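So the structure is just underneath, and the comments pick up after that.
Given the structure is predicted, the values throughout are model-derived calculations rather than measurements. To find a chain, count down the sequence lines: A is the first, B the second, and so on, and within it residues start at 1.
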Amino acid sequence: MMRFIVRRLLQLIPTLLGLSILLFLWLHRLPGGPETAILGERATPASRAAIRKSMGLDDPLIVQYGRFLKQLLRGDLGNSLNEKRPVLDLFLERFPGTIELTVTAMIIAIGLGIPLGYLAAKRRATWLDHLSVGASLAAVCTPIFFLGYLIKALFAVNLGWFPTFGRQDTTIDATRVTGFYVLDGIMTQEWDAALDAMHHLVLPGLTLASVPLAIIVRMTRASVLEVLGEDYVRTAEAKGLTERRIRGRHVLRNAMLPVVTVIGLLTGGLLSGAVLTETVFAFTGIGQFAAQAIDNRDYPVMMGFILIIAVVYVLVNLIVDISYSLIDPRVRVR
Amino acid sequence: MRAPRLRTALAVSAVAALALTAAGCAASKRDPEAPKKDTLVFGVAGDAKVLDPSFASDGESLRVARQIFETLVQPEEGGAKIVPSLATSYTPDSTGLVWTFKLKSGVKFHDGTDFNADAVCFNFNRWFNYSGLLQSPDVSSYWQDVFGGFAKSESPDLPPSLFKSCAAKGADTAEITITSVTSKFPAALALPSFSMSSPKALKDFEADKVGGTAENITYPKYATSNPVGTGPYKFESWDTTNKVVKLTRNDAYHGNKAKIKNLHFKTISDLAARKQALEAGDIQGYDLVAPADVKPLQDKGFNVLVRPAFNILYLAINQSGNPALAKPEVRQAIAHAINKKNIVDSKYPPGSTVAIEFHPSSLPGYNESVTKYDYDVAKAKSLLAAAGYANGLTLKFHYPTEVTRPYMPAPKDIFELISADLKAAGITVEPIALKWSPDYLNAVTSGKNHDLHLLGWTGDYADAFNFIGTFFSRAKDEWGFNNPALFDQFKKADQEPDVNKRAELYKALNAELLKFLPGVPIAHGPPSLVLAKDVTGVKASPLTDERYATAEFK
């Protein structure tokens, strides 16, 4: 197992190296440059040229890339052009928000998706099945930012149940320990702050969960349907096993393998979804930060964000591979 | 054994999902109509960059500065005319070079120190003696715009400084000497960038210790966490991660104290999200209301404050890229081809006006009798024919995407209307759509590849030079012409000490500009901000100089 994990982690190196080259070339092919982000709209062509020179933006690409790679190997993602601070620090400050949001979204997606998918399969062709299939189709088809506005319009503007933006009410002066606001509230026993942070997570969490929820429902349903038709399930039924035992030991367990794979892929994808969700909800995580960086042509932040997504994606998939062995004893990682 | 574990995990997830929603609901019995009465949360589109106003040139930093700091003079409430603020009077000597500022007495900075003539001179001398990175245009932008250079300018590009000296004549009189007469002085002192900071705090928090490099400037404590002014609000905190600047009432304020105890500026970059936050009662106001939202918000009872238009949208014509555009007849043809009234009527909010020259009518120097280019397609065609383009002409037309500006609410729509007008007159356009910043701004303000483009300006202070001088007082890539006679005229007008004579010179300049026609002035659009139904007392300012100390909950 250990060798497998190390091998997979080593695979990260060529992946990230290739990605960094692609990214570097792509970002530098984009029209415009970071000069206006630095100098503002009043910049003169002369001062723009001076900035380009001082930043080495006029050097050959290979030289610029070499410089970038050298920094990267030292764990230095450079400084944000807009915020004038190390990119890594800025990401670390915002990462807890995005983790809270993605975990919330996955709790909602898995917690509701698997039971719904199972029920839809068990009660095939009933109203519940039609409803869950229809609703998941609608959720997948609806652009996430549009859904965000709709959810906000209903639950925040009309019903007034939830706040429309942010991670915590601006009037709450909570003690910060880890940067995870819910956790901080619990650790410091500032229950109002913890509850308020949870309160702020519900709508963006629901919005971000929409696509994975829909996919998990459909995957679970399809997978359970397939397993329900298997001989061993019929055998188990013929043996007179209880419904609960058949569901847990034979159906769900065998149906979960493809679902877990999809969950892994979806978790990585959530970081991309967070860009839109966090923007719509002014939720201060790395997604909103990345969106802002794109607006400002903040190259170091854009690069950092994509590299972080890549690392998370690979790590999540590694966890998925490991979890196979827990679900299916026949699968052994080597 | 593993199946129950899986079941348990699923059960826990389902319960957690429901619990999360339930927990949210339990805490959610909010009344959107009942905002916290001691806090006004104002939604802004972007983050402040820095809290030391002398380093600021962006609207969001200046908005915060206006609440914490005060200037010697300020725009009148709701207008652009300069009126006393920390100075009770300001008078020039006969040469127009030495200005005496009588100061308000009994004013204290938030740190308890006295505001007096020494503090005024400390601030001016501080700006004048900026060195190293502090002379970067990114750091001291407005000083360089208004005063030019420094005591020891480190760049040969910087002009000699307009500021000469400041002398304290007793506690309540400061005498400021400038090197040449200019229409900018003292009007420009109303800019928040020339706010009075506490000399003690400037020293204590090492305000001049700007670090890093020109492209990566790091600001000292004073500019990030300890700004100290004399204004009605004091700085409390700036949470850069969560994008909130918190201010609290200055209970020792020398004037009328702020009516609302806490003032928070929260960045919500998405316009629709700002609107929803207001409707839900999460914020009590926001700026840059989309023109299409003005009426619906008014209908719902929100207080939409329309600022008097203090801006201009123009169609710029670059004379150096395309030889056709160097011909006056072609530029006149373009002006006659555009149906400006149609653009204003269909794309601008109520209160907008068609522009006949390059600055708003509220400024001295506005000239009613400039050459006017009425919408006349036949005339446009004949002018084109006279210039040798009877068979038509193709021009590159840049317009920006993903942006609205107070003077340009719908760039693409305006572009399309103008394109259709030009086509009717025989000019075909080659559209070039670019992202506003930095692509578009880079493309249209440098190089020679732009024939026509849309751009505009919102005034910084009440002076004609701030508009037309910014555009036309020197050779610029944006316009591609070099007209030394015109540039001399600008210099003469700017340096005329007599206010009335100066206004006449600007009138003449406006007439000259409209004859020369470097571009086509299109429209003046009034930008709006909105406050919650129960918030009153704020007066919209054409200079975005709203002060929230007068705001109150009904």
Side-chain angles (χ1 to χ4, degrees), chain A residues 31-43 45-48 51 54-55 79 81 84 93-94 104 107-108 110-112 114-115 149 152-153 156-157 160-168 170-171 195-196 198-199 201-202 205 248-249 252-253 256 279-282 284 292 297 326-327, chain B residues 2-4 6-7 10 13-18 20-21 23-25 27-28 30-32 36 39 41 57-58 137-138 141 145 157 212-218 240-244 246 262 264 266-270 272-273 276-277 279-282 434-435 437-439 441-442 445-446 477:
Chain A
E35 306 94 277
T36 306
I38 295 166
L39 293 174
E41 292 168 13
R42 291 158 172 269
S47 55
R48 284 206 188 99
I51 286 283
S54 71
M55 291 179 70
N79 273 15
L81 303 178
K84 327 277 188 197
E93 281 167 17
R94 289 159 178 78
T104 305
I107 288 175
I108 294 172
I110 297 170
L112 297 179
I114 294 178
Y149 290 128
K152 262 205 292 184
V157 179
W161 288 356
F162 298 99
T164 52
F165 69 84
R167 291 182 62 195
Q168 211 160 42
T170 66
T171 55
L195 211 59
D196 187 67
M198 284 173 77
H199 195 199
L201 277 168
V202 176
R249 201 168 174 81
L252 267 181
R253 186 139 167 215
M256 277 305 97
T279 302
V280 169
F281 286 91
T284 47
Q292 227 175 26
R297 286 278 187 281
L326 302 178
I327 295 168
Chain B
R2 284 194 180 110
L6 181 69
R7 271 208 310 274
L10 287 176
S13 293
V15 169
L18 293 171
L20 189 73
T21 313
C25 289
S28 67
R30 301 173 315 124
D31 179 1
K36 294 165 190 72
T39 305
V41 185
S57 59
D58 62 297
D138 193 28
S141 163
D145 266 9
D157 298 336
T213 56
E215 71 277 4
N216 192 17
I217 289 159
T218 53
T240 50
T241 309
N242 284 305
K243 298 168 175 287
V244 194
K246 293 183 183 180
N262 302 306
H264 295 177
K266 163 73 189 172
T267 304
I268 304 174
S269 48
D270 185 70
Q276 283 188 319
E279 288 173 328
D282 291 337
L434 291 175
K435 194 168 176 301
S437 177
D439 309 341
L441 291 169
N442 282 345
T445 57
S446 58
D477 282 353

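Ranked by heavy-atom pairs under 4.5 Å with chain B, the first of A:T170, A:V280, A:T279 is A:T170. Chosen from B:Q276, B:K266, B:K246, B:K243, the residue pairing most often with chain A at heavy-atom distances under 4.5 Å is B:Q276.
Contacts of B:T267 with chain A are made by backbone atoms alone, with heavy-atom separations under 4.5 Å and no side-chain atom involved. In this structure, chain B has no heavy atom under 4.5 Å from any part of A:Q168.
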For this session: Would you please test B:N242 and A:R167 for side-chain contact (heavy atoms from CB on, under 4.5 Å) and show each step?
Result: CA-CA 8 Å; B:N242 284 305; A:R167 291 182 62 195; 4.0 Å; yes
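Annotation for B:A280 and A:A156: closest pair CB-O, 3.7 Å, computed over non-hydrogen atoms. The two residues A:Y149 and B:A273 have their closest heavy-atom pair at CE2-N, 4.0 Å.
Two residues are said to be in side-chain contact when any heavy atoms from C-beta on lie closer than 4.5 Å; B:E279 and A:T164 fail this criterion.
B:D282 CG to A:F162 CZ: the interatomic distance, rounded to the nearest 0.5 Å, is 12.5 Å.
Side chains of A:E93 and B:T241: a donor-acceptor N/O pair is present below 3.5 angstrom, by distance only.
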